[in-house]
K.L.:
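One structure coming up, written as structure tokens, with questions to follow.
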Amino acid sequence: MSDPAIVADQLVKVYPLDKSGPPLRAVDGISFEVRRGEVFGFLGPNGAGKTSTIRMLTGLSQPTSGQATVLGYNLTREITAIKKHVGVVPESSNLYDELTALENLMFAMQLYGVPRAERKARAMELLTRFRLEGKRDVLFANLSRGMKRALTVAAALAHRPALLFLDEPTTGLDVMSARSLRQMIAQLRDEGVTIFLTTHYLEEAERLCDRVAIIVRGRIVALDTVDGLKERASGRAVVEVTFLDANRCTQTRRIEAEDVAVAVRQALEQVDGAQLVALNTLRPTLEDVFVRLTGLSAEVMLAEKGGQGGGGNAGG
Amino acid sequence: MLADDLRCMGYIALKDLKAYYFKPPNISWGILLPFAFVLAFAIRNPDNWHELLPGLLGLSLLFGTSSMEATVIVFERRTGALERLLLAPVRLPALLFGKLLGGAAFGLAVTTAVLVIGLAVLGGGHVQWFWLVLTLLVSALAFAALGGFVSVAVKEIFEAQTLANFIRFPMMFLGGVFVPVTTLPPILQVLARLLPLTYTVEALHICLYGGTLNQVVLDLVVLAAYAIVLFILAVHTLARRLA
């Protein structure tokens, strides 16, 4: 088995808030491994420490304490070597408005030392792959939000990184753009690129990630495969009841309880004499796991991000 | 690692020139502003206007180099584009030097245009071309480092413009552009000696109209010291901001 792509050992990041306030412990002693070739999901509410973790692992900020290796290189001593082999897609698309799509890709390749003879062909390959070939001479500023996101991912892939960090890649995208981007992420995984994905869309994580870590207030509270995490939640029974209300409108309620009998009884109480349409027991979703572990609802997490994006329709 | 730094330095400078500098407003600002000031002075003092070329060149270099330089880094920090550079395999000093090279190159291009026009209109004496070019190069780096320091020392673009003008305008009036430093009151002469533009104008005057070259060498040493100190300050300030 090959070395892990990332090994983080007790990473801590503390930001001094201001002269009078206490320091902010954004990341509080997290340890985890990311295996080569997997999509590793990093889930958590706003301010949980997801972006701070990415910033440390990509050399944008230094850990306050703890250590890590990325692709076998030591995070504190070999950061330039790490930077050569990773790609980063930040939460906000940050290419240059003043350059065209093609110029942005060419500049990315220049920075990472892609041989001059390969640059143009590689840029055209990426533009085609991300369906932007017709936009090669359009300024980045004039692209749609979805196209900007796609081009930002393309720029991060320009030097063929072995590890790609994606920070909330589909936030703010329309459903079709988000779906398209998820398909691209799945393709990259199939090609063997290791992906570190932060997202607040639980369906997205469930669909794309091989393993998921849930981080709350700077600490990892769970780390497992999606199925493994669901197993943890399987101690609770979930039933979904559908009925017709007094106005003959269909209503659906989701009930969670310690066991099935209690859940069914509570569900029937909800029906309260109305016409029952369906009563189903459900397997727990990643959302159920998340709610149990964080005490936050998925809606709260979406509201924090102000995101309606493509999250609710995690196709692809 | 050095090869990575040098490559990134060059491409960052070229990218900045393309994305920010070689735009019509910057070019016209870089050329017209110094001419406007000098024209105003020439109308007021028609007898002395023919020796204004060193000051005109100094002003062009100062404004052409530092105007955008003072805002580029703070602008890229605001848009997140600076993060792209920080994620690349390049060390911080090399990244910042690439930024300064872009500003210096633009300032030199604008000043070359002003030099050509100035020599055609105002005429020059026995021009010391080697020392003239060297003075322009070292001054451009010093002024770019000044702009770079301003850009990393502030958080907002308007703060950068305010701080840059706060530094540049006293230089314009005390740096020997319009009147020789030796004619200023003693206290202002001392102040003038603290300003890099003074050394640029002094050296350019000798390169264009003759004088002792030892003075030019001394001026270049002072300008190089300004460039190095301001660059080191800028690197440390940026590193502290990013920590």
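Computed from a predicted model, the values in this text were never measured in an experiment. In what follows, every chain begins at residue 1, and chains take the letters A, B, ... in the order their sequences are listed. Just so it is clear, the values below take in all heavy atoms, side chains as well, and ignore hydrogens, waters and symmetry mates.
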K.L.:
About how many Å separate CG of B:Leu87 and CZ of A:Phe165, when rounded to the nearest 0.5 Å?
P.N.:
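Between atom CZ of A:Phe165 and atom CG of B:Leu87 there are 10.0 Å.
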K.L.:
Is the shortest side-chain N to carboxylate O distance from B:Lys18 to A:Glu103 below 4.0 Å?
P.N.:
yes
K.L.:
Report which part of B:Leu14 has an atom under 4.5 Å of a heavy atom belonging to chain A: side chain, backbone, both, or neither.
P.N.:
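For B:Leu14, there is no contact with chain A at all, as no heavy atom is under 4.5 Å.
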K.L.:
Is atom CZ of B:Phe169 surrounded by more than 12 heavy atoms (other residues, nucleotides or ligands) closer than 6.0 Å?
P.N.:
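Result for CZ/B:Phe169: enclosed.
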K.L.:
By a 4.5 Å heavy-atom criterion (distance strictly below it), what part of A:Gln110 contacts chain B: side chain, backbone, both, or neither?
P.N.:
both
K.L.:
Counting only heavy atoms not in B:Arg241, do more than 12 sit closer than 6.0 Å to its CZ atom?
P.N.:
yes
K.L.:
Taking atom CZ of A:Arg217 as the centre, does the number of heavy atoms from other residues, nucleotides or ligands within less than 6.0 Å exceed 12?
P.N.:
no
K.L.:
Please identify each residue that fulfils salt bridge (charged side-chain N to carboxylate O under 4.0 Å, His left out) with B:Arg84, with sequence neighbours left out.
P.N.:
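Salt bridge (charged side-chain N to carboxylate O under 4.0 Å, His left out) list for B:Arg84, sorted by chain: empty.
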K.L.:
Please evaluate residues B:Glu83 and A:Arg55 with respect to the criterion side-chain contact (heavy atoms from CB on, under 4.5 Å), reporting the C-alpha separation (whole Å), side-chain torsions for both, the decisive distance (0.1 Å), and the verdict.
P.N.:
CA-CA 10 Å; B:Glu83 225 169 63; A:Arg55 290 181 66 82; 2.7 Å; yes
K.L.:
Between A:Ala155 and chain B, which part of the residue has a heavy atom less than 4.5 Å away: side chain, backbone, both or neither?
P.N.:
both
K.L.:
Quick check: under 4.5 Å, non-hydrogen atoms only, which of residues 120-146 of chain A neighbour chain B?
P.N.:
none
K.L.:
Select all residues of residues 92-102 of chain A having any heavy atom within less than 4.5 Å of some heavy atom of chain B, and report them by number, or 'none'.
P.N.:
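Within residues 92-102 of chain A, near chain B: A:Asn94, A:Leu95, A:Tyr96, A:Glu98, A:Leu99.
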K.L.:
Looking at A:Gln62, I want to see if its CD is surrounded by more than 12 non-hydrogen atoms of other residues, nucleotides or ligands under 6.0 Å.
P.N.:
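Result for CD/A:Gln62: open.
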K.L.:
B:Asp219: what forms a salt bridge (charged side-chain N to carboxylate O under 4.0 Å, His left out) with it, not counting sequence neighbours?
P.N.:
none
K.L.:
Mind ranking A:Val86, A:Thr80, A:Leu111 by heavy-atom pairs under 4.5 Å with chain B and telling me who comes out on top?
P.N.:
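Greatest number of close heavy-atom pairs with chain B: A:Leu111.
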K.L.:
I'd like to verify something: which residue of B:Thr79, B:Leu82, B:Leu85 has the highest number of heavy-atom pairs under 4.5 Å with chain A?
P.N.:
B:Leu85
K.L.:
Quick one: what part of A:Tyr112 sits under 4.5 Å from any heavy atom of chain B, side chain, backbone, both or neither?
P.N.:
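When you check distances to chain B, atoms from both the backbone and side chain of A:Tyr112 fall under 4.5 Å.
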